[in-house]
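A short write-up of the structure that comes next.
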Protein chains: 2
Amino acid sequence: MATTRTDPLTLEVVDLIGTVVARYHDEYEEVAARYHLTGAQARVLGLLSMEPTAMRRIALKLKCEPSNVTGIIDRLEARGLVERRPDPADRRVKIAAATDEGRQTARELRDALHFAREPLAELSAEERRTLRDLLQRMLGAEAGA
Amino acid sequence: MATTRTDPLTLEVVDLIGTVVARYHDEYEEVAARYHLTGAQARVLGLLSMEPTAMRRIALKLKCEPSNVTGIIDRLEARGLVERRPDPADRRVKIAAATDEGRQTARELRDALHFAREPLAELSAEERRTLRDLLQRMLGAEAGA
DNA sequence: TATTGTTATACTCTATAACTATA
DNA sequence: TATAGTTATAGAGTATAACAATA
């Protein structure tokens, strides 16, 4: 393990991952901006297009304070992409849900996000499988540490 | 290529990359916060620890407007991590450079960033080489598109 | 005239703390 | 009393526009 810290090959891979992260992030922001959405708004809209979610759960998924979610949902709601619904089981809870228009926008956003999909076309199925397995082992490693 | 758009294997890899991006970003912010730096400040400090850079070039690397760099450098300079120097060749230009303390902090930040380095220890040298080559082909693909 | 860095302004995201309405 | 959501506030990043100094 000590050798892995400064191993040139490892540093090279770390650097490549940094590049992947930067490019992914840039493209995400750029696609969101095309729809006049911020990155945070696009992320929340994506979440809600999968399933309606209580405010507090959105904060957990975004790893931010619940108070911030209020403003993000406010702005999405003002544009008709999201609506607040009461939770029949607990009157304190408000559930945010994408409207039809919101789901449509989320779908278009997903389709516009070419990064990592177009480039992957360059790889064969065999290579994509290998990449998947390596990434899975990388991501799973921390649990066992 | 049309098949690659909805191919389950490709979507799986795209999803894994999304997870990598999220985890990388979270750890970066967390490590920066440990040093009472924001993500943007840590990124700029990292840049300047490599080489002194004119304000305008910093904006290009950060992909933001030059006016924003003023504030980021102001805050780093107020903490003694960075200093502004005149450019002898062009008196309009100001060159931002990390101080000794700034370079030390940048070094500690780099060392603290375990993500993608610790997990990679789980992979053999052969596997790391494979991962490197696949990522390189992914990233290089867009140039040819 | 064009360019560099800055200032001024406005918007969004962020955390903290206090508030409300429920539970 | 504890929890869900909100409001109020302040700090930071962002873009736009206008400005001074310099090229």
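Below, read A as the first sequence line, B as the second, and so on, with proteins coming before strands; counting in each chain starts at 1. If you're wondering where the values come from, they're calculated on a predicted model, not measured in any experiment.
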Inset, instruction - Return yes when atom CZ of R79(B) has more than 12 non-hydrogen atoms of other residues, nucleotides or ligands closer than 6.0 Å, and no otherwise. - result: yes
Inset, instruction - Tell me, yes or no, whether the heavy-atom count around R132(A) atom CZ, taken from other residues, nucleotides or ligands under 6.0 Å, exceeds 12. - result: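 Atom CZ in R132(A) is packed in, count exceeds 12.
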Inset, instruction - May I ask you to verify if any side-chain N or O of R84(A) is less than 4.0 angstrom from the OP1 or OP2 atom of dT6(D)? - result: yes
Inset, instruction - Compare side-chain N and O positions of K94(A) against OP1 and OP2 of dA21(C) and report whether any pair is under 4.0 Å apart. - result: no
Output the rounded distance in Å from [atom1] ([X]) to [atom2] ([N]).
X      : N       : atom1 : atom2 : result
D87(B) : dT4(C)  : CG    : C1'   : 11 Å
H36(A) : dC11(C) : NE2   : P     : 16 Å
I73(A) : dC13(C) : CD1   : P     : 11 Å
D74(B) : dT6(C)  : CG    : C1'   : 9 Å

Legend entry - Full working for side-chain contact (heavy atoms from CB on, under 4.5 Å) between R23(B) and D26(B): CA-CA 5 Å; R23(B) 200 175 297 182; D26(B) 289 348; 5.7 Å; no
Inset, instruction - Measure from the side-chain N and O atoms of E127(B) to the backbone N and O of L134(A), and report whether any donor-acceptor pair falls under 3.5 Å. - result: no
Inset, instruction - Indicate yes or no for a side-chain donor-acceptor contact from R137(B) to the backbone of L123(A) under 3.5 Å, with no hydrogens or angles considered. - result: no
Legend entry - Side-chain heavy atoms of M138(A) within contact of L131(B), under 4.5 Å: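 SC-SC contact between M138(A) and L131(B) confirmed.
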Inset, instruction - Would you please test R128(B) and T10(A) for side-chain hydrogen bond (donor to acceptor under 3.5 Å, both in side chains) and show each step? - result: CA-CA 7 Å; R128(B) 289 201 292 274; T10(A) 297; 3.2 Å; yes
Give me, pair by pair, the N or O atoms of the protein and of nucleotides 21-23 of chain D that are less than 3.5 Å apart, along with how far apart they are.
{"unit_1": "dA23(D)", "atom_1": "OP1", "unit_2": "R91(B)", "atom_2": "N", "d": "3.0"}

Legend entry - Rounded distance (nearest 0.5 Å) linking atom OG1 of T70(A) with atom CD1 of I58(A): 9.5 Å
Inset, instruction - Scan residues 51-59 of chain B against DNA chain C and write down, sorted by residue number, each residue with any heavy atom closer than 4.0 Å; if none is found, say none. - result: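 DNA chain C contact set from residues 51-59 of chain B: A54(B), M55(B), R56(B).
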Inset, instruction - Could you tell me whether E30(B) and R34(B) have a side-chain N and a carboxylate O separated by less than 4.0 Å? - result: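 So E30(B) pairs with R34(B) through a salt bridge.
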Inset, instruction - Considering only NZ, NE, NH1 and NH2 on the basic side and carboxylate oxygens on the acidic side, decide whether D100(B) and R103(B) come within less than 4.0 Å. - result: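 Looking at D100(B) and R103(B), the cut-off is met.
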Inset, instruction - For the pair Y35(A) and Q41(A), evaluate side-chain contact (heavy atoms from CB on, under 4.5 Å) and give the outcome as yes or no after the intermediate values. - result: CA-CA 10 Å; Y35(A) 287 83; Q41(A) 288 165 10; over 6 Å; no
Inset, instruction - For each nucleotide in nucleotides 11-16 of chain D, reading 5' to 3', give B when a protein heavy atom comes within less than 4.0 Å of its base, S when such contact involves only the sugar-phosphate, and - otherwise. - result: -SSBBB
